[in-house]
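What follows is a set of notes on a single structure, which appears directly below.
Quick caveat: nothing in here was measured; it's all calculated off a predicted structure. Convention: sequence-line order gives letters A, B, ...; per-chain numbering from 1. Side chains are part of it too, since the values below use all heavy atoms of this structure and drop only hydrogens, waters and symmetry mates.
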Amino acid sequence: MLRIIRSSNLKPTNPSFLSSTSRLYPSFNTTNNVVRNLVGFSFEKTPEVKNEIKKSIEDKFLKDVNVDFKNPGSTTDTQKNYLDDNQVPNVLNITSQNLKEHLKDEKILSRTLSLLEVCLITKDFTRSYQILKSLCDADLSPYQLINCVNNYFDTWINSLHKENLNEATEFIESFFDNFKVNPNGKTYAIMLRYCVDHELPFDNYLKHPIITPRSIFGNIDSIGLDNTKIILKQHPELLGSIPKIYKELLKNELQDLNDQIEPITNEQKIDQQLNKTKEYYDSLGQSDYFKKNDILPPTIEKGVQKELNPVDTFGMKSIRHALLALTSQNPQLESKLSSLLQNLNERNILMDRLDINKDLNFFSIYQRLADHPKEQALFEEALEVYNEERQKQLEARSIEASIESWKNDHANLQKLGITPIRKSLNARLWKWYNDALPLVEKEVEECKKVLKEAETTPPRTASVLNRLKYAPYILLIDAKKLLVIAILELIKLNSSGGIQDGMRIARAVISIGRAIESEFQSEQLLKSENNFFKNVAKSKSSERFQKIVRYSKKYFRSTSETTSFTEWSYDVKAKIGSILVTALMSVATIEVEGKDPISGKVVHGESPAMFHTFIFSGGNKIGVLKFHRSFIEKISDEGFNKAVNPQSLPMLIKPIKWYDWKTGGYNYSKNYLIRSKDCPEQLAYVEAASENGDLEGVYDGLNVLGVTAWTINKKILDLVTEAWNSGEEFLDIPKHEKELILPPKPDRGEDPSVKTEWQTISKQKSYEYYANRSQRCDTNYKLEIARAFVGEKFYFPHNLDFRGRAYPISPNFNHLGNDLSRGLLLFWKGKKLGESGFRWLKIHLSNLFGHDKVSLEDRVKFTENNYENIHKSAENPQAADAWWKKADKPWQALATIFELSQALKLKDPTEFISHQPVHQDGTCNGLQHYAALGGDLEGARQVNLSPSVKPMDVYSYVAGLVQARVDEDVKNGKSQAALVQHSIKRKVIKQTVMTNVYGVTYLGATQQIAKQLTDEFGKDTAYFLSKYLAVHVFASVRELFQGAHLIQDWLGECAKRIGSSVRIDLKETEIVDPKTLKLLCMTSVIWTSPLGLPIVQPYREDGKAVIKTNLQSISITDPFELNVVNARKQYTAFPPNFIHSLDASHMLLSAVECGRKELTFAAVHDSYWTHAGDVDRMNEIIRDKFIGLHQVDLVQRLKNEFEKRYQGYLLQVSICDDSEAAILVKEFKKEYLAKHGERLSMIDEIRLEKRRRALLNSRDINEVNEGLKMETTIKKVQNLEEEISKPSEASNNKGMMKILVPLRLPDVPPKGEFDVREVKDSLYFFS
Amino acid sequence: MSLLKTGLAAFKPIRVDAYPSLKWKNISGFNCAKDQSVIDDLLQEKLSFLKDSYPNRPERMSVLDMYSGCPIYSSALFNFLTPQKYVIMSTQKNILKNIDKIALDRRSQGLATYETYSADPYSWASFIALTNLDKALTIEKQDYSKVHDSFLITGNLTLKTIEALLFQWAFCMANKNWLQRYGDVRMMFWIPFKLLNKVIPKPGNLRRMSMIFETFTNLKVIASSTKFDGEDLDADYYQLDLKDFTRDEDIALIEITRKDFDFDIEIWEFLTKKIFSTPSATVRTNAGFIYPGAIEWFESKDDIKGFLNKPSKELTKDEIVKLVNAVSVWPFKPDIYMDFHHESADNN
DNA sequence: CCGCTATTTAATGATATAAGTAATAGATAATAT
DNA sequence: CTATTATCTACCGACAATATCATTAAATAGCGG
């Protein structure tokens, strides 16, 4: 039993949770294969395991660092091989018998841990200690508990003075008595820090018999580098116990080894130069921008001539400032770059002299250094150093920057008088901010007060109790920051969620809460890093040393244990969010203009700028926050504005590598490997797999994607900007529509149908208007980011969706975006085209024009035939009828045209240095995988798995099949057929064919086709005809890809069965619903991707939880509520998800290999990008990896895995009344009735079977014998394999009965003749 | 031929149980009467006034009966009123088929009968077809000063998905459109008791739904299977027994006629939604949901500020009208037609 | 101080909300008698 | 058991209904011993 903290008040109470009785229940799986047990929802870790993990990360890190230092090219080559076995090596399984309760426990635990952390940070030791004690009684793993105690100790000891040594010693001595666990290395590390800090003797702590120096220094984070240095001075012999990465650092510090380490000669030169140059930032007068509050730094324009029309995108300005006008804690780092540039200028290496004060286009400098590889390398290195600091600013300081820009606008405008202030948005925001600040500060004070009082007197009133729930959290962040975050979030969310000029309250408050949490984490991460490295690297400035410091920091970021990994509950987030919204709402005002309905006069006034209201949708009440229309007009006038989340922009330095499932990507914000949908189950599996070492391949692949450097295609940006500023429609940029115009409202005496129609039209119009606006807004957003990053070298940190597909973490602008986004992106690195690259670039252009259905040679010819057009387009892209605009993907085409035209102007085009990503796309990648799985010859041919002279085009082919069918119908006199006969084009059916793999239904397909036909036939006819066509398209696809559909159906059937099966070793109440007596199907489909990633389909009925905030109650889906699975979703989604897990594996495998071969690599799921010159090599890799992936029978393997994982599960099936199984069951039931006098219910059946299995598993031979003799309905039927593994038929049929059977999966469809190795020679497999 | 002369035909009552061969398959989402004698009794007890409200029925009265289900009630009402025309409009194909059989049989005997009209009462177009195209029903246009005396609308709205019709048609009364354009046409509906509970005002705990009926209609409960509390309305209703109905769900029969009003109904609709957002909160709080500045505007009105501090659920009909009128003349009033949201706004 | 009952409070669950289903209609699961 | 009604509606990235009242469970208060 244990005592925990009731979340409402902080007094310990005594419910029972985390009972340990059920945890280690043996799994039914008794196969020879290893079955790892996930226990409860978290994988048990021992400190040893943890240390091992840490150690392995260190090793890998060092290896990587070496790569970066010296010999690039040789990364790890031994990854676990998942690819050549029919068995999945580790079938992970959750074995808790008590899923629901376990999850609830997790919820309480998670909240408690979070509260502990927060209380510690606010130095509330009384409360912390209470929490800690209550945790001691909880069923935490010892490791978790030690961690908590150590965290407490860590913070608490900081409050002690030198004289309190006794207290500290006492703490350690009574460690076990108090907490029932023993101190560990970290405890001692903390103690060491205390001693060193206070100049107390510490030798004792290094002589512990069990806690070795090694394990102490394994927690060097807690000691600090500076302190370690002091310790080492006294105990040089301990140097060996220090993690390697820091050893280097400390060696330098200790022995002044500068001279002994070979300096890199070139750098040394520059080091010398460095002194000559004055910091150019000073000359710009902006070095201390963030500290000097009153001066807005002059904005440097990066050579983009034209500003984007709406200039004032919130937050963006601050981003630009962050990028341009950075302060640095180490001015030498900055000046390294400037001195290098100065040096280059002096040596006249660049073609033109650089104006360092103006031209900060790093990309162009880089390009101009192309002929000077040495200098180029130096430049890149200097840039990296420089960016290191900028990235830090970008992630950590942008909130402050926002305030500054508002304030400055306000101050500047104040000089100009009152009117301009009214007009300026930023000035208005500054006012809101200023007015709301006292309110927020008051709230914070109130929270402090309440917390203090709660220490002595138990809280009584509801409002105090409520405040107590969030009070500890709100104190964590400065009130100013809280407000700015809130304002930015609100503006960002404007018109989201289908709400005009407003947003859902739920979304608003949670987004704000989340943003605050994330800001808090950033602060913490930054703080712990600064603490750890304090006093380091201030004095020494050798290049080599700085480099070591940088790598040490990187290492620190990927391993630091001081990192906060507790999460704030939704409760807290929502409450804090609502506090801020309330404050803002009450003070934010705006000038308004209205018309007096009586006099008709225009009236002016001041009104709240936003308000809280409810709207109704289908009888549901939704709480929304809306802006006053005058405010909306204002932001419309000044442009479409969205606040940028500065923490998730592209990164200026390489993202933190993934070594671990919860650290990677950005420096100072938490990113998980998997974008789990608030599904603890998913995380549990991923964590287990990660710690099992199964995810190495995944990490390697992601890390390759992360290091691909990008830059902005400035020429394209200039053009887009121009088009944008015109406000007119241009390609896919919609026109700027000033206002929403609705048709006149009908008289109310009219027939109701008239009003209905008017409403429909109005809704439609309004929808279009807002869609247009949001599209403009999105484009603007993209452009703003692009503009901020002109000339920069940047990276996209990636993570995965739950199926393993990779996505850039930075939203809005990345290479997964639309044609425009892609057109704006170039590889930073340039590579010579060479013969082959020149050819591929031509092919690429042809592809972008949509000429991708002809042979490669024809594509080359297409481009060659258009040389004149290419030159014209390149020279005068603005021309109204410019050729490039006709392309399928015009922006990318134009980008390619620029390169081609430049190359062609060279004497030898193959010498051209290309930055343009060239794509190789799988033709219908989903079907390719299906064909390979099924060995389907015809299917393989259709999707270019087998070699052919010309590429096959599935869509055209299907169109042909459909055409044939329609023609037939025309002959038979079908009227629809005649109408559409001549409209069946590739484009019409393309989407349907594509989505067919995802299980699109008849209705969806109809809509898709209708969309294509609307232009030709008008809305109504189009829909009518689409219904007809959809049927034929479906039939044709099914006919053409029989193999694929067999597998698709098989996958679906498996998922259906799994999704409606039950695990009977669960607690009874979790098997059958006590109320409805129906089976509770809790089993989601889980499988392991070929790369070792466990995938859990998260589809369940969602449990709603309601949170009361001071605005309103909001409803969220409770992530800790485990509900029955949504069987339908499980089976409709499984086939596509499985295929996606395969293509994800294929992509990551290819990425790893490309990385190994030093190709620049990027991917959009099934479109793989590299430099033109490397396409040939990449193509080889793609094919090899595909073959590697499919060389085993993945379907059979999947079945094996399922059988292992779901062994012993039961399924309810309908079978024929007169089948053998049915008869046996009926007999058994009859006997039971006779014997017991009551009918055998389903629960009874399950109870009996449970009992039988328990007996069989018993150690007592008698019991086993009894079990062997025992009969149950399940035992009766379990050997009738044929009957119970038949696909279940519709249960509505007559003469069927439902019985429980052991879960069996249908046989794998027979594999066809196709040999996947043919892919090797298929030119058009990816092209 | 005989159809047109129904009024002259002999009036032998229709008894559904006289057609034992017809299978009605009780299973229907509608809750319908099972026992015709109960309905006969109900009509006799509580609805005799109808006979006086519709003079000269066999020659000029029409009844439109929607979603009859098994036509127990329809038959009883038909027998009771002996109208010139009695049309049953419904989507229930199988039931209509059976009713047609009855009608055919009656006609073959030269007896007066109801007739079927297969259409969806949910669709406005059905009524245009009914009155204009098919001319299955001709209705006299009458003045709104009194209840229409030759046309009665009735029906069964006990199915969840068509409950909405009660509100829609009530608004039609207010707006004088749909079939209500012919005058103040009385409507009688079978509704689930739960729905009745929503529409009858509970003093001190008022909601928008009851406010609609209180403001725009005269509502009378004719019969109910359960007791209910409501002002004046519980005085005199017929006690129904659930066993006489096809479903085990409480049911009621109500009658509504039009009540006149003089304010902007669209503002009324909008405003009541907002003002009853949180019925327990004060009018002032709820006024904040209308639009920024609404509270201040109301505070500036002497006839309003007095009741700003009471909970919305205690608002009277007239107080709401005051609010409505205040909003109508407010220079910064909201756009009441933009009070919706777009669902699933994502699709390329 | 303990243990019992009475009272208060918190937690949970059910129901109402609006009132042309936004388009669109056909298969399938759920429900109820 | 079967007719009627309700619920879907392509995968992923993506992100959510709320107020009120009745009932139940739990916590506290009060009281007696």
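- Atom P of nucleotide D/dA19 and atom CG of B/Asn205 are separated by 16 Å, given to the nearest angstrom.
- For the pair B/Leu159 and A/Phe802, nearest-nucleotide mapping onto DNA chain D gives the more 5' position to B/Leu159.
- For a distance-only test at 3.5 Å, the side chain of A/Tyr1023 fails to qualify as a donor-acceptor partner of the base of C/dA23.
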Fill in the blank from the handout: Under the rule of Watson-Crick or G-U wobble with both distances under 3.5 Å, where | means paired to another strand and [ ] a crossing pair, DNA chain C maps to |||||||||||||||||.......||||||||.
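- Aromatic pair B/Tyr337/A/Trp758: ring centres closer than 6.0 Å.
- Residue A/Tyr998 has its side chain nearest to D/dA10 when only C/dA22, D/dA10, D/dA19 are considered.
- Side-chain contact between A/Glu517 and A/Lys573 is present, with heavy atoms from C-beta onward closer than 4.5 Å.
- Contacts of B/Pro279 with the nucleic acid, taken as non-hydrogen atoms under 4.0 Å apart, involve only primed sugar atoms and P, OP1 or OP2.
- The listed nucleotides are C/dA29, C/dA19, D/dC11; the one nearest the side chain of A/Lys1056 is C/dA29.
- Residue A/Asn996 is classed as having no contact, given no heavy-atom separation below 4.0 Å to the nucleic acid.
- Annotation: proximity of residues 1104-1112 of chain A to DNA chain D (heavy atom, distance under 4.0 Å) is found for A/Lys1104, A/Gln1112, numbered in ascending order.
- The environment of A/Glu757 atom CD is sparse: at most 12 non-hydrogen atoms of other residues, nucleotides or ligands sit within 6.0 angstrom.
- To the nearest angstrom, P of D/dC12 lies 18 Å from CE of A/Met1147.
- Looking at heavy-atom distances under 4.0 Å, A/Gln1007 makes contact with a base.
- When ring centroids are compared, A/Tyr1002 and A/Phe1034 stay outside the 6.0 Å threshold.
- Counting any heavy atom pair closer than 4.0 Å across all strands shown, A/Thr1006 reaches no nucleic acid atom.
- Comparing C/dA18, D/dT5, D/dT18 by their nearest atom to the side chain of B/Phe30 picks out D/dT5.
- Checked against the 6.0 Å centroid criterion, the rings of A/His1140 and A/Phe802 do not qualify as a close aromatic pair.
- Nearer the 5' end of DNA chain D, as judged by each residue's closest nucleotide, is the contact made by A/Thr1132, out of A/Thr1132 and B/Lys313.
- Projected onto DNA chain C by closest heavy-atom contact, B/Gln168 and A/Leu1003 fall at different nucleotides, the more 5' of which corresponds to B/Gln168.
- Close placement of the A/His798 and A/His815 rings is indicated, their centers lying within 6.0 Å of each other.
- Nearest nucleotide to the A/Arg675 side chain, out of D/dC11, C/dA10, D/dA14: D/dA14.
- Within 4.0 Å of A/Lys573, counting heavy atoms only, lies no atom of the nucleic acid at all.
- Comparing atom distances between the A/Arg514 side chain and each of D/dT18, C/dG26, D/dA16 picks out D/dA16 as nearest.
- Distance B/Lys274 NZ to D/dA19 C1': 15 Å, rounded to the nearest Å.
- When heavy atoms are screened at a 4.0 angstrom cut-off, A/Gln991 is found touching base atoms of the nucleic acid.
- Geometrically, A/Lys621 does not engage A/Phe616 in a cation-pi contact, judged by NZ or CZ lying under 6.0 Å from the ring centre and within 45° of the ring axis.
- No engagement by A/Arg805 is indicated, since no non-hydrogen atom pair under 4.0 Å with the nucleic acid exists.
- Contact annotation for B/Leu165: base contact, defined as any heavy-atom pair under 4.0 Å involving a base atom.
- Within the 6.0 Å centre-distance limit, the rings of B/Phe213 and B/Phe167 are counted as a close aromatic pair.
- Counting non-hydrogen atoms under 4.0 angstrom, A/Tyr1002 reaches the backbone sugars and phosphates but no base.
- Both A/Arg1128 and B/Met209 lie close to DNA chain C; mapped to their nearest nucleotides by heavy-atom distance, the more 5′-ward contact belongs to B/Met209.
- Under a cutoff of 6.0 Å and an axis angle of 45°, A/Lys1056 and A/Tyr1131 form a cation-pi pair.
- Aromatic stacking of A/Phe616 on C/dA18: not satisfied for centres closer than 5.5 Å together with planes under 30 degrees.
- Under a cut-off of 6.0 angstrom, the local environment of NZ in A/Lys1104 is crowded, with over 12 non-hydrogen atoms contributed by other residues, nucleotides or ligands.
- Residue contacts for A/Thr995: at a heavy-atom cut-off of 4.0 Å it reaches a base atom on one of the strands shown.
- Within 4.0 Å (heavy atoms only), A/Tyr570 reaches at least one base atom of the nucleic acid.
- Surrounding NZ of B/Lys313 are more than 12 heavy atoms belonging to other residues, nucleotides or ligands, all under 6.0 Å away.
- Note on A/Phe1134: nothing from the nucleic acid sits closer than 4.0 angstrom, heavy atoms only.
- Note on A/Lys1027: only backbone sugar-phosphate atoms sit closer than 4.0 angstrom, heavy atoms only; bases stay farther off.
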